[in-house]
Amino acid sequence: KQLQEQCNKTEKERKRRKERNDMNKASANIRFYKNENGPVIGVTVRPVIEKDGLYFRDLTGDGRLAPYKDWRNTPAVRAASLAAELSADEKIGMLFVNSWKMGIYQEDRTKVDESGLLNEEIVEQDESIFNVEKTYGTTYTLKEMGIRHFILRQNPGPGELADWINQLNMVAEGTGHALPVMVLSNSRNEHGEIVFGNDAAGVFAAWPGTLGIAAAVRGSGPELIDSFAECIRREWDAVGMKKGYMYMADVMTDPRWQRSYGTFGEDPGLVCTIMERLIPGIQGSSRGVTRDGVAVTIKHFPGGGARENGFDPHYVQGQWNVYQTEDSLRTYHLPAFRTAIEKKASSIMPYYAKPSAAKSRPQYGPGGDVMEMEPVGCAFNRSFIQGLLREQMGFEGYVNSDSGISNKMAWGVEELDVPSRIALAVNTGVDIISGSLDVFAAREARAARRRSRPPSPPSRRPGRSIVRACE
């Protein structure tokens, strides 16, 4: 009898806790407003502005219909208006992205928010293969640090994932300019081992691994890529996950490379054919990301297949890119990235490795000019980011670094401290630094720059990043 009473008491407490959690969920607090001949807008904690019989989200809560709040303006006008108002700390917060854990997996339920969805644990030394840093609770990370990008490596159900993303955005909505949260992930739609670049499987629709897909394309034609891409786009969009670290445009020129399983094989022409359909299929068009599209980050520029003895640059043994055949960079590694650029891939991820002139044969850019082989990782390498990717290949999207460049994989710049690494990456052309949330080091870098010399004008290129643009 006593056991039964205890069980009943526990069940009642569980139900009360669930009711309390449900009341604090974003889904219970959202309010929708329908504009005639315009978009339906939704808010959770911010008010709306009513003007001319229309509704607008009051992103700052001050009642002012600034250009960026007015959905009738073009995206370019809204972006320029918003960027002009953002504080330096808000911009710095958008510079970083790192892995993050959901509250539903937190065993200590005293370390979650009132909805039960957000993990509020503080970890003094949070270490991964990429980084070591102190991490804070989700609410502090959003409100005080201004972080707006998170990598999901856990494997929740679709409803749990949508609830979590909504909850993150409700907290973000009540802060500053209500900048939205972007949750991203490595690919989730292939059947395979849970390893680098394939963090989750079994919840979303499962297709063969990328090598299997490449084999099917070679045997049956590229049309199946359209179905594959459409499946990804619809599933990711449905849960609110609007960006993917996918897919690899790397050509497998060394079969010993551990990441070979994530490529589409060794044939540059076949990889180009796949990219030609895959990118617009996921993003929604060949002109860029549509409203119901999912942004892709194509990796790992300028081609991760150029390995030394097959070693991967997640580790010190693989820190060099070695080109043992003359002109192999242009012949094998760059074509698929050229296709990605033509198809308006949202972002491109440079790899960790640094090029080795001493161990390589001469390499050439698209125009036939000899490539400079500066021995620093690609995210710090002006010849590859600005010279090759931007100027010679015409990339207009943003550069999203691989995870850990400011900490454990800072190949070629190990002698620099973390603030200096961040400043060098940004001033080389990196727009998002992955594998770290070290806004404090970025603030230190900005402060040091302001102390050392007069501010320089921001770059004219839209979206150009933080250390310079914050001036």
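Not a single donor-acceptor pair under 3.5 Å links the side chain of Glu230 to the backbone N or O of Gly281. A distance-only check finds no donor-acceptor pair linking the side chain of Arg57 to the backbone of Pro47 [under 3.5 Å]. Using modelled atom types, no side-chain atom of Glu160 and backbone atom of Ile104 make a donor-acceptor pair closer than 3.5 Å. Under the 3.5 Å distance criterion, the side-chain polar atoms of Gln363 are matched with a main-chain donor or acceptor of Leu329. Here the side chain of Glu173 pairs a donor or acceptor atom with the backbone of Val45 at under 3.5 angstrom. At least one donor-acceptor pair closer than 3.5 Å links the side chain of Glu120 to the backbone N or O of Thr138. At distances below 3.5 Å, at least one donor-acceptor pair connects side-chain atoms of Thr253 with backbone N or O atoms of Gly305. The closest donor-acceptor contact from the side chain of Arg233 to the backbone of Pro280 lies at 3.5 Å or more, if one exists at all. Under a 3.5 Å cut-off, the side chain of Asn131 and the backbone N or O of Gly435 do form a donor-acceptor pair. Here the side chain of Glu133 pairs no donor or acceptor atom with the backbone of Ser436 at under 3.5 angstrom.
Note: Phe264 and Tyr247 have tilted aromatic rings, judged against thresholds of 30 and 60 degrees for the angle between ring planes. Note: Phe204 and Trp236 have perpendicular aromatic rings, judged against thresholds of 30 and 60 degrees for the angle between ring planes. Relative ring orientation between Phe150 and Trp100 is described as tilted, the plane-to-plane angle lying within the 30° to 60° band. Ring planes of His333 and Tyr323: perpendicular class, angle over 60° (limits at 30 and 60°). Taking the six-membered ring for Trp and thresholds of 30 and 60 degrees, Trp257 and His300 have ring planes more than 60 degrees apart, a perpendicular arrangement.
Ser128 and Lys408 share no side-chain donor-acceptor pair at under 3.5 Å.
Note that OG of Ser347 is 6.0 Å distant from CZ of Phe395, once rounded to the nearest 0.5 Å. Atom OG1 in Thr175 sits 12.0 Å away from atom CG in Leu59 (nearest 0.5 Å). Once rounded to the nearest 0.5 Å, the distance linking CD1 of Ile129 with NE2 of His314 reads 5.5 Å. The CD1 atom of Ile282 sits 10.0 Å away from the SG atom of Cys231 when rounded to the nearest 0.5 Å. Put simply, CG on Asp163 and CG on Leu117 are 5.5 Å apart, with the number rounded to the nearest 0.5 Å. Once rounded to the nearest 0.5 Å, the distance linking OH of Tyr315 with OH of Tyr352 reads 10.0 Å.
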Check your understanding: Can you list the steps and then say if Asp126 with Lys134 is a salt bridge (Lys or Arg N to Asp or Glu O under 4.0 Å)?
Key -> CA-CA 6 Å; Asp126 195 358; Lys134 181 177 181 177; over 6 Å; no

Exercise for review: Before giving the answer on side chain to side chain donor-acceptor pair (under 3.5 Å), spell out for Thr60 and Asp62 the whole-Å C-alpha distance, their side-chain angles and the decisive distance to 0.1 Å.
Suggested key: CA-CA 6 Å; Thr60 53; Asp62 59 6; 2.9 Å; yes

**Study point:** salt bridge (Lys or Arg N to Asp or Glu O under 4.0 Å) evaluation trace for Arg307 with Asp312
**Key:** CA-CA 7 Å; Arg307 305 275 31 89; Asp312 186 85; 5.5 Å; no

Practice item. Any chance you could lay out the side chain to side chain donor-acceptor pair (under 3.5 Å) test for Glu374 and Ser383, step after step, and finish with the verdict? Key: CA-CA 8 Å; Glu374 183 183 4; Ser383 295; 4.8 Å; no

Exercise for review: Check the pair Tyr398, Asn400 against side chain to side chain donor-acceptor pair (under 3.5 Å), reporting the backbone distance first and the verdict last.
Suggested key: CA-CA 6 Å; Tyr398 64 93; Asn400 190 131; 4.8 Å; no

Exercise for review: Test side chain to side chain donor-acceptor pair (under 3.5 Å) on Ser187 and Asn189 and set out the steps.
Suggested key: CA-CA 6 Å; Ser187 60; Asn189 288 82; over 6 Å; no

Practice item. Please report the C-alpha distance between Ile348 and Lys299 in whole Å, then the side-chain angles of each, then the deciding distance to 0.1 Å, and finally whether the side chain to side chain contact (heavy atoms under 4.5 Å, CB included) criterion is met. Key: CA-CA 6 Å; Ile348 284 179; Lys299 50 192 185 179; over 6 Å; no

Exercise for review: Would you please test Val77 and Tyr68 for side chain to side chain contact (heavy atoms under 4.5 Å, CB included) and show each step?
Suggested key: CA-CA 7 Å; Val77 168; Tyr68 62 87; over 6 Å; no

Practice item. Go through the steps to decide whether Lys69 and Glu85 satisfy the test salt bridge (Lys or Arg N to Asp or Glu O under 4.0 Å), and finish with yes or no. Key: CA-CA 12 Å; Lys69 300 179 185 179; Glu85 285 198 13; over 6 Å; no

Practice item. Let me see the working for Asn186 and Arg153 under side chain to side chain contact (heavy atoms under 4.5 Å, CB included), right down to the final yes or no. Key: CA-CA 8 Å; Asn186 285 296; Arg153 300 189 189 274; 3.2 Å; yes

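Phe56 CZ: more than 12 foreign heavy atoms inside a 6.0 Å radius. Within 6.0 Å of CZ on Arg291 lie no more than 12 heavy atoms contributed by other residues, nucleotides or ligands. Taking a 6.0 Å sphere around CZ of Arg72, one finds it holds more than 12 heavy atoms contributed by other residues, nucleotides or ligands. Under a cut-off of 6.0 angstrom, the local environment of CD in Glu90 is crowded, with over 12 non-hydrogen atoms contributed by other residues, nucleotides or ligands. Other residues, nucleotides and ligands place no more than 12 heavy atoms under 6.0 Å from the CD atom of Gln324.
Considering only residues two or more places apart in sequence or on other chains, Ala410 meets the side-chain contact (heavy atoms from CB on, under 4.5 Å) condition with Val413, Arg421.
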